[in-house]
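Note that the numbering runs from 1 along the sequence shown for the chain. Side chains included, hydrogens not; waters and symmetry mates left out as well; all remaining heavy atoms used.
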Amino acid sequence: QLQLVESGGGLVQPGRSLRLSCAASGFSFDYYTIGWFRQAPGKEREGVSCISSGGGSTNYVDSVQGRFTISRDNAKNAVFLQMDSLKPEDTAVYYCAASSYGISWCKPQAFTYWGQGTQVTVSS
């Protein structure tokens, strides 16, 4: 059974940090591009960041560039999203997902396996 499980979400004040984790099992994790996506109520799911299978390439949506950092530890079948300087507009359910396609296809349609999400709420 292929599975991705997110953790690390919570309620934080603006300007604070959170580190999200994604634990994978049931597939050859180090062959997959991994992405973080988020969805706010009433809005479409958007790509936040993607990382290549080997971790050598990353990309970020403009709104998080310079604040978020994606990384992976293939030996542990894990991906992380370090979120600094959080803003209220970052509030969403965050999902990790795995794709058989390359990092250039960092969009939801390219991703095969999805976690159930973890809630991030940024509020004063």
Side-chain angles (χ1 to χ4, degrees):
Q1 185 173 359
L2 308 177
Q3 189 174 35
L4 295 166
V5 180
E6 303 93 339
S7 62
L11 173 64
V12 298
Q13 294 182 337
R16 299 294 186 111
S17 297
L18 282 175
R19 189 181 192 230
L20 305 184
S21 298
C22 175
S25 63
F27 63 101
S28 298
F29 178 79
D30 57 343
Y31 286 91
Y32 287 82
T33 298
I34 302 297
W36 283 99
F37 300 82
R38 65 187 181 187
Q39 188 167 20
K43 298 183 179 179
E44 295 294 319
R45 190 168 299 186
E46 69 166 343
V48 177
S49 180
C50 287
I51 187 167
S52 61
S53 60
S57 297
T58 61
N59 60 36
Y60 302 89
V61 67
D62 288 346
S63 60
V64 309
Q65 183 72 47
R67 299 188 298 118
F68 290 11
T69 303
I70 190 171
S71 62
R72 66 191 295 166
D73 185 342
N74 287 348
K76 297 181 178 180
N77 285 0
V79 177
F80 308 96
L81 186 67
Q82 178 67 41
M83 304 186 296
D84 298 324
S85 301
L86 283 162
K87 303 175 179 179
E89 52 262 45
D90 295 318
T91 295
V93 177
Y94 283 71
Y95 302 86
C96 66
S99 172
S100 298
Y101 299 97
I103 192 171
S104 63
W105 285 67
C106 189
K107 51 189 178 182
Q109 296 92 328
F111 285 74
T112 306
Y113 311 115
W114 290 82
Q116 295 302 303
T118 185
Q119 177 71 47
V120 172
T121 302
V122 185
S123 177
S124 60

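Side-chain atoms of Asn74 come within 3.5 Å of backbone N or O of Ser53 as a donor-acceptor pair. A donor-acceptor pair is defined here as one N or O able to donate and one able to accept, closer than 3.5 Å; no such pair exists between the side chain of Thr118 and the backbone of Glu6. No side-chain donor-acceptor contact under 3.5 Å links Asn77 to the backbone of Ser25. Between the Thr91 side chain and the Thr121 main chain, no donor and acceptor come within less than 3.5 Å of each other.
Outside the 6.0 Å centre-distance limit, the rings of Phe37 and Tyr94 are not counted as a close aromatic pair.
For Glu44, the CD atom is loosely surrounded, since the number of other residues' heavy atoms within 6.0 Å does not exceed 12.
Put simply, the side chain of Ser21 does not reach to within 4.5 Å of the side chain of Val79, judged on heavy atoms. Under the 4.5 Å side-chain criterion, counting only non-hydrogen atoms from C-beta, Ser123 is not in contact with Gln13. Annotation: side chain of Ser99 is not in contact with side chain of Tyr32 (no heavy-atom distance under 4.5 Å). Residues Pro88 and Pro14 are in side-chain contact: their nearest non-hydrogen atoms beyond the backbone lie under 4.5 Å apart. Taking the side chain as every heavy atom from C-beta outward, Trp114 and Cys96 never approach each other to under 4.5 Å.
Every pair passing salt bridge (charged side-chain N to carboxylate O under 4.0 Å, His left out) that includes a residue from residues 46-69 is listed here, sequence neighbours excluded: Arg38-Glu46, Arg67-Asp90.
Hydrophobic clustering of Ile, Leu, Val, Met, Phe, Trp and Tyr side chains at less than 4.5 Å, counting indirect connections, unites Leu81 with Val122. Linking Ile, Leu, Val, Met, Phe, Trp and Tyr residues whenever their side-chain heavy atoms come within less than 4.5 Å leaves Phe80 and Ile51 in two separate clusters. A single hydrophobic cluster is not seen to contain both Tyr95 and Trp36; linkage of ILVMFWY side chains at heavy-atom distances under 4.5 Å, directly or through other members, places them apart. Under the 4.5 Å side-chain heavy-atom criterion for grouping Ile, Leu, Val, Met, Phe, Trp and Tyr, Leu18 is connected to Ile34 within one hydrophobic cluster. In this structure, Val120 is a member of the same hydrophobic cluster as Leu4, with clusters built from ILVMFWY side-chain heavy atoms closer than 4.5 Å.
Across Ser49 and Ile70, no two heavy atoms sit closer than the pair OG-CG2, 3.1 Å. Between Ala92 and Ala40, the shortest heavy-atom distance links the atoms CB-N, 3.9 Å. Pairing each heavy atom of Phe68 with each of Tyr60, the nearest pair is O-CE2, 3.2 Å.
Not counting sequence neighbours, the partners of Tyr101 by the ring-ring contact (aromatic ring centres under 6.0 Å, His included) test are Trp105.
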